[in-house]
Structure formats: C-alpha cells, structure tokens
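In what follows, a single structure is set out as structure tokens and then discussed.
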Amino acid sequence: PDIMEPKGMAVDQQLVLLASMQAKTFMDMYRMVADTQRENLWLFYRNNSVFIWNGTPLVGATAIRNSLKKLPGTQHKIESLDAQPIIRDLKRKHTALLVTSSGKVKYGMKKPVAFHQCMILERNPDKREDEAQFYILSHMFRYREDMPNQN
C-alpha cells in the first residue's frame with residue numbers, strides 16, 4: 001500500500017508517520033554533512049534562521065556559517081530522534097516539523113559530550129515542487145549534563 005494511505009490509519013497518524021520519516025531523512029543528511037562537509041552545513045539555514053548554540057544566539061545563514069566553521073571536526077551519534085508535524089494549512093497539507101534529538105558528539109580527539117537539540121524545519125520556498133525539501137528555521141543545541149540523583 002501507498003505510504004501516505006496505510007490501511008486503517010487515520011490522517012493524523014499518517015502525518016505523524018510522514019513527519020518521522022522526513023525528520024530521520026533530514027537528520028541523517030544533516031549529521032553526515034556536519035561530520036564530513038562542515039563547510040556546507042550553513043546551506044541548511046536561510047537568512048531568517050535562528051540558531052541558539054549553548055545559549056549563544058546566531059541569526060541568519062552567514063552568522064551561522066561563520067560560527068560553525070570555527071568548530072573542530074565532529075563525530076555525532078544520535079541516540080534518540082522524535083518528530084511531530086506542525087500543521088500550518090490543512091487544505092494544502094502544509095506542515096513544518098518539530099524535531100528533537102539527543103546523543104553524543106565528539107570534537108576532534110576530545111571525549112564525547114552528550115547533547116540535546118530541537119529544530120523547527122520549514123518547507124524550503126525555493127523548492128516548492130519538492131515537498132520533502134526543508135530548511136532549518138529555528139535550531140537550539142545544548143550540551144547536556146546528567147542531573148544529580150534526586151533520591
């Protein structure tokens with residue numbers, strides 16, 4: 001059966017399934033570029049994008065590019081990924097995606113650091129014919145520290 005019309009699945013369930021698949025595809029590509037082609041990572045952003053990196057706000061693709069190129073090489077390991085659609089226009093089936101993920105990132109030869117990130121992906125207006133094309137509208141990345149045991 002067609003992936004958009006699985007038998008017995010309600011429309012809202014279909015949207016969540018599609019959001020999950022699109023988010024996984026997007027995040028796999030983003031992680032690959034981050035780890036192997038850092039100089040091209042800024043292409044996932046636009047001039048209206050906002051990136052909060054460990055509390056430091058970066059606005060626009062140029063500012064994001066200038067900041068990201070200062071980082072050493074990375075190796076990301078995504079341990080959890082979740083997504084949900086943000087419905088903007090039900091008639092046109094226009095949705096943005098809210099994507100959260102966590103895992104570990106290793107910078108150069110340093111020990112891996114746990115992180116959490118949240119992104120809002122918006123449809124790329126330059127690629128209207130391709131509903132799978134997204135850019136990062138908003139991105140929050142934060143190192144994660146384990147909370148002390150509350151017992």
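Numbering of residues begins at 1 and proceeds along the displayed sequence. Just so it is clear, the model here is predicted, and its values are computed rather than measured.
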To the nearest 0.5 Å, what is the distance between [atom1] ([X]) and [atom2] ([Y])?
| X | Y | atom1 | atom2 | answer |
| --- | --- | --- | --- | --- |
| Met27 | His76 | CE | NE2 | 8.0 Å |
| Asn40 | Arg65 | CG | CZ | 10.5 Å |
| Ser138 | Tyr45 | OG | OH | 10.0 Å |
| Met140 | Cys118 | CE | SG | 5.5 Å |
| Asp35 | Lys106 | CG | NZ | 11.5 Å |

- Query: Has the side chain of Asp82 got a donor or acceptor atom that lies under 3.5 Å from a matching backbone atom of Val99?
  - Reply: no
- Is the backbone N or O of Ala34 less than 3.5 Å from a side-chain atom of Arg38, with the two atoms forming a donor-acceptor pair by type? yes
- Message: Which heavy atom of Leu137 sits nearest to which heavy atom of Glu122, and what is that distance?
- Response: CB-CB, 4.2 Å
Single-linkage hydrophobic cluster [X]~[Y], side-chain heavy atoms < 4.5 angstrom:
| X | Y | value |
| --- | --- | --- |
| Trp53 | Val33 | yes |
| Val50 | Tyr135 | no |
| Val16 | Leu98 | no |
| Leu58 | Ile136 | yes |
| Ile120 | Leu43 | no |

- Task: Quick one: which residue pairs count as a salt bridge (charged side-chain N to carboxylate O under 4.0 Å, His left out) with a foot in residues 41-54, not counting sequence neighbours?
- Result: Arg46-Asp126
- Query: Only one of Phe134, Phe26, Phe51 clears ring-ring contact (aromatic ring centres under 6.0 Å, His included) with Phe44; which?
  - Reply: Phe26
- Test Phe115 against every option in Phe141, Tyr107, Tyr143 by the ring-ring contact (aromatic ring centres under 6.0 Å, His included) rule and name the one that passes. Phe141
- Message: So, using side-chain contact (heavy atoms from CB on, under 4.5 Å) as the criterion, who are the partners of Glu39 when residues are at least two apart?
- Response: Gln37
- Tell me yes or no: between the side chains of Ser102 and Glu79, is some donor less than 3.5 Å from an acceptor? no
- Query: So among Ile78, Thr74, Val105, Thr36, which one has a side chain to side chain contact (heavy atoms under 4.5 Å, CB included) with Arg31?
  - Reply: Ile78
- Query: What pairs with Lys69 under salt bridge (charged side-chain N to carboxylate O under 4.0 Å, His left out), at least two apart in sequence or on another chain?
  - Reply: none
